Undergrad: 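Please find one structure pasted underneath; my questions will follow.
The structure presented is a predicted model; accordingly, all values stated were derived computationally and were not measured.
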Amino acid sequence: MQPLNFPKFSFRFKNSENKVSIFDVVRKKFMILQPEEWVRQHCVRYLMDEKNYPLSLINVEKELFINNLKKRYDIVVFNTRGNVHLIVECKAPQIEIDQSTFDQIARYNLTLKAKYLMVTNGLQHYYCQMDFEKESYVFLKDIPEYERNEV
């Protein structure tokens, strides 16, 4: 897998039937190592190791319904009150991040109501803070570190 624009993290791998898998600490199982999964696992470790978000508040690859359509988010981080704090949309490194990527995460956020959004292909990262009153988002240099009392 290609190097990504994240700090270096160590991962557990296994090879079975000529397929390499990576251990997902959130789902507690090995996942087939695809380019998007490589980005997702780096992002999870970034949130835990660099931004200090507890593993217990991170959720990966769950279904949600938007306009009666079944969708799957990549990563959601909850606050200690159980509300969605951050949504992360991961793309494979070869996928260019464009307006459609932001439209996708914005649609998810109509349902999830996260305060922060992150979009990444592992090489480029974009961070936003929602302004619900103006129905817009403001770009940030980074997402904030975990604060226990965040609401």
Undergrad: Is a donor from one side chain sitting under 3.5 angstrom from an acceptor on the other, for H125 and Y46?
TA: no
Undergrad: For the backbone of I95 and the side chain of N121, can you confirm whether one donor and one acceptor N or O come within less than 3.5 Å of each other?
TA: yes
Undergrad: Between F30 and F23, what is the ring plane arrangement, given parallel below 30°, perpendicular above 60°, and tilted in between?
TA: perpendicular
Undergrad: Okay, side chain of N109, backbone of A114: is any donor-acceptor separation there less than 3.5 Å?
TA: yes
Undergrad: When you measure from the side chain of N5 to the backbone N and O of L123, does any donor-acceptor pair fall under 3.5 Å?
TA: yes
Undergrad: Side-chain heavy atoms nearer than 4.5 Å, only ILVMFWY residues, links allowed to pass through others: does that put V84 and F102 together?
TA: yes
Undergrad: Excluding sequence neighbours, so at least two apart, what forms salt bridge (Lys or Arg N to Asp or Glu O under 4.0 Å) with E36?
TA: R40
Undergrad: So, using ring pair (Phe, Tyr, Trp, His ring centres under 6.0 Å) as the criterion, who are the partners of Y127 when residues are at least two apart?
TA: none
Undergrad: Does the distance from a Lys or Arg side-chain N to an Asp or Glu carboxylate O, for R27 and E37, drop under 4.0 Å?
TA: yes
Undergrad: Determine whether the aromatic ring centres of residues W38 and F11 are separated by less than 6.0 angstrom.
TA: yes
Undergrad: Do the side chain of K51 and the main chain of I143 share a donor and acceptor less than 3.5 angstrom apart?
TA: yes
Undergrad: I'd like to know whether CD of Q124 has more than 12 heavy-atom contacts from other residues, nucleotides or ligands below 6.0 angstrom.
TA: yes
Undergrad: Can you name the one residue among Y146, F78, Y116 that meets ring pair (Phe, Tyr, Trp, His ring centres under 6.0 Å) with H85?
TA: Y116
Undergrad: Examine distances only and state if a side-chain atom of R45 and a backbone atom of F6 form a donor-acceptor pair shorter than 3.5 Å.
TA: no
